[in-house]
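A short worksheet on the structure shown next.
The basis for the numbers below is simple: all heavy atoms, side chains too, and nothing from hydrogens, waters or symmetry mates.
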Amino acid sequence: MKKFSLILIFLAVVSQAQTPETPEPMKGLTVTELSLIPVQSGGRIKPFDEFARETILSMTGSRSFGAFDPNEMLVSMMVNPQLWAQVPLIRINNDEVKKQLLVDVTRKFFSPAELMKNNVFLQYAEGISSGGQQVTSTGVNAVTGSHDPRGEELKRVVGRVSRFQELIAGKLWTVTPPSDQNADAPWISLSEGMVKATPQSNAVYGMLKGYLDHDVAAFQEKTIQTRAIISEAVPQFAQIKNKLIAEVFYNKLRPFLQAMIFYLLAGLLWMFAAHRVPRIMAKFLTFAGFFVHVLGFSLRCYVAGRPPVTNMYESIIWVSLGVMVFASLLYSKNRHTILMTTSTILAGLALFAADSAPMIMDPTIRPLVPVLRSNYWLTIHVLTITLSYGAFMLAMGISNTTLFLFHKKAKSDSVELNQRIALMNQLAYRTLMFGTVLLAAGTILGGVWADYSWGRFWGWDPKEVWALIALLAYMAVLHGRYAGWVTTFGFPLWTVICFSTVVMAWYGVNFVLGVGLHSYGFSSGGQLFVSVFLGLQTLYCLWIAFEHKRSKIVL
Amino acid sequence: MTKILERIWSVLISLRLAVCVIVFLALSLTVATLIESKIDTPTARYLVYQSPWFFVVLAMLGVNILAVALSRWPWKKKHIPFLLAHAGIISILVGSWLTYVNGLDGSLRISEGEINSAVEMDEQMLVYKKGESVMTEPFPWMPEFIAKDLKPKIFPKMGVQVERFIPDAETKVNFVVPVGEAQAKQKAGPAVEIRILGSPMGGAPEIWLWGGDAGWATQKMGPARFLVRRDDQKDLMDLAGTPGEARLDFVVSKDGKLHFEATSIRGEKKSGPISFEGEEPPIVNPGWKMPIQVQVKKFVPSAINQTEYVNVVNKAAGMGSALPNPAIQVSLLSNPASKIWLGLGDRAEFIETDGSEVSIGYFPKRVILPFAIRLKQFEMKHNPGTNEAAAYSSYVQVVKALQKTEAEMDALPVEHITMNEPIKVLQYTFYQASYIPDFPRPTTTILSVNYDPGRFLKYWGSITLILGAISLYLSKVVKTKKQTETHSKELDS
């Protein structure tokens, strides 16, 4: 024990000796017991598994790293800090930052040790701790008000390194629940346990020693003890026991990643659905995808204790689920396989976007800000409004396909083609109508919720306003269609264009404008991705419109 | 004449007008959100949301919808969905108008154990008081690009003019030579602005020292104390003198000359004159062991302090929706030299040419409730193990004029206001809006007070609109189903 404590004290100082060794996963180790140890972190009690993944995310920018299981990796880092300090695991995204730190621009990851030896970095880190720089989460310098992605990233890098230091110093892991049964009181960290030992910290030390000695059996035994002894001391353990298990299962399963793969494969097969075999396979894959999608959604609801619709990541999951539901309903009536091709690919791409950028769209389950804690109206309002985004997304997908039919039509016109176009427009029109009803209802419900919790029905808040702009845009299309100004060609074109108002209401207000009362969802990043999407969409529309116009002139 | 009316009517009921209004509305809203993002919320309100032209656009929408609905007369059964949806929008628009005109939306601050019945509104006004008579005039907020070219605004009844307006101001204290009679009566004292060079804490901090007030006369930075005084100000001379403290006094003699007297930590003394003859501001070397030198940037032998308001230079990001902090510069028409800056909530005394005293204040508009609210306790809960607020709530009592003593008020029933759970008293609803941060715990709550006469119409309109939209959708589905079926059949064959 004594030897181990000494090591822990030593950890904050990065060892100077170059050890050629790199940390390796221990053979024959199972982490199930370890992953289920309750930890208080980020305002809630979570399983060690989630704590480990979040910690790794906060250092490396992804939720797992290399061959290591995240649980074992965290233990290994605490036990062998001098080895891990040499491992390039701190991510630096911004090239300007790398230039400023005089490091190799082509590298993505840097070791804590090399950063701690970097004078520029050290100076900057000191500046941050003395409060000289204030950069908000939106990448805007709070003092000068200017957009400062470099300063923002530097601050994050300092955060990543200090995360590593806190972890190896035992400050990050809270092991001892409060003795007075107060469920909201802060837990005591491992490092505090070093000064004043608790049964829990002793158990954890025993466990870590087992790992240090490469003694698998001892480690496993101590892990079971640790889990039991910490669990016993958690005041609200009875309520959270199953949630811990569900969360570990949810993390292991990665349901949305699986759903994405199923959907994309299904989308590919739906293209050949004229044949029997691919059609049956496509149906099966779509169903499998939908099943894990719903399962993941339900697990997340259960773990968080609320519907997951409060940030970008969660709303993408819900919207893509909405797309699938609408498309399946329409398909069950009309049997047009194009619906399924479009929807599976859309849903797959949306889930891919959500899953591929954990730094931009944080998948972590976090407690809600106070104003959102009126579950009833929040649920109804947000679910309705985001569901309408799903309908518009589907209408956008269908209309893009219709536009492609116009490309074909421009080459060789036929009665059959015209009928298909009319049919596709019918489908898009219906989806659009449905979306509009949902959006109107959702916006009004937002007003009801605002009235209920802030005392005003409508306050011209940017998020409200953009929902209204989207509604007005679709209203203009619907009325224009009614008047006959929006033609068979104009309808899909405008449907696609109007989707950009949804993108703005959904993404833009939180990520680009960054003002207003809906600030709990504000973040930054993804501008490139969204601009590329909008740019491609515009080019596509222009190209088709040009072809369409030319074919008409020829006729 | 009838022809013109018919023309107008045909325009009013046209779909073209509807689509134009919708598109125009969407475009102006887009611009408004951009203004809000790039400048701030009050500017967006001023230029769009609360501007006359925006009301015209909304009214146009209402008139158009009303005309279209009337044009279908006599109404048939098939018109019901259409009528419901459009009546819903009209109802919401009228309800919103009622809220805007007759509604009340303000905030009420109360500290624990205190009572308050004055609701502060987001409108500002001038308050003029002479003897017993009080006059008020609204002075609405305006954005910076209008304020910077503002012509002096004259309030003839009060005999007051507002010369300048700063939409979002921060205070800056300045020390100046008094000008005019009124200023000559203010408390004066010697003032120096110094710049500390070579400070171990980094940077070159600049501070003002002013002998007119004990709080301003001295400042301590690390182990060093800086002080300004007239050589006859004995009270200031004995002020500090803690052992282990280095001290640098700027002393003004009777003839208005400045010299310094320095004492090091070990008690070594040094003194010398300070001359302002060179081009650069003079630098004083107090002869301490720490390598500190002090530059005297400004020296006013007899200065008064003046609070000035200046534009907020660096607006904090993400503060776009926070309320601005406006300030005005007012003067009496009879005495243009009596200029003074007033921040929101400030009041100043003036002396008229006839010797009478008047006071001018710049205050938020207040509405007094027919009862008062007493805050019994403010409570804040945190997320487990963090400092993030999870919920905050106020325990309040409604005080009618009948209860006067503390004991009587203590006996009143306690009501609980928390996030998303307001209480209603008469026609007013009280919401938990915010609090004033304090240590060790916040004890002042900010409630939002609301009276909304348009609420019923808005809710009624919402329900009608949604029902209309749903039935429109269903009727369209039925109508298009047949077409789709024929299409499908043709496709299959």
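Highest contact tally toward chain A, considering only B/V23, B/D105, B/T30, is held by B/T30 [criterion: heavy-atom pairs under 4.5 Å]. Comparing A/L438, A/L471, A/V448, A/L468 by how many heavy-atom pairs each has under 4.5 Å with chain B, the most go to A/V448. Comparing A/D451, A/T174, A/T501 by heavy-atom pairs within less than 4.5 Å of chain B, the highest count is held by A/D451.
Of the atoms belonging to B/S448, it is side-chain heavy atoms, and not backbone ones, that fall under 4.5 Å from chain A. With a 4.5 Å cut-off on non-hydrogen atoms, A/V477 does not touch chain B at all. Heavy-atom distances place the side chain of B/L465, and not its backbone, under 4.5 Å from chain A. In this structure, chain B has no heavy atom under 4.5 Å from any part of A/W458. For B/A18, no part lies near chain A; criterion is any non-hydrogen pair under 4.5 Å. Using a 4.5 Å cut-off between heavy atoms, A/A185 touches chain B through its backbone atoms (N, CA, C, O) alone. Heavy atoms of B/Y451 lying under 4.5 Å from chain A are absent altogether. Residue contact with chain A, scored on non-hydrogen atoms closer than 4.5 Å, involves the backbone and the side chain of B/R16 alike.
Distance CD/B/E379 to CD/B/Q432: 10.5 Å, rounded to 0.5 Å. The CD1 atom of A/I385 sits 8.5 Å away from atom NZ of A/K463, with the distance rounded to the nearest 0.5 Å. Taking CG of B/L467 as the reference point, atom CG of B/L472 lies at 11.0 Å (rounded to 0.5 Å).
For the pair A/R335 and A/Y331, the cation-pi criterion (under 6.0 Å, within 45° of the ring axis) is fulfilled. A cation-pi geometry, defined here as NZ or CZ lying under 6.0 Å from the six-membered ring centre and within 45° of its normal, does not hold between B/R455 and A/F457.
Of the possible donor and acceptor atoms, one in the side chain of A/E464 sits under 3.5 Å from a partner among the backbone N and O of A/G459. In terms of modelled atom types and a separation under 3.5 Å, the side chain of B/T43 and the main chain of B/I39 share no donor-acceptor contact.
For B/V425, the side-chain contact (heavy atoms from CB on, under 4.5 Å) criterion is met by B/F371, B/V398, B/I423, B/F430, not counting sequence neighbours.
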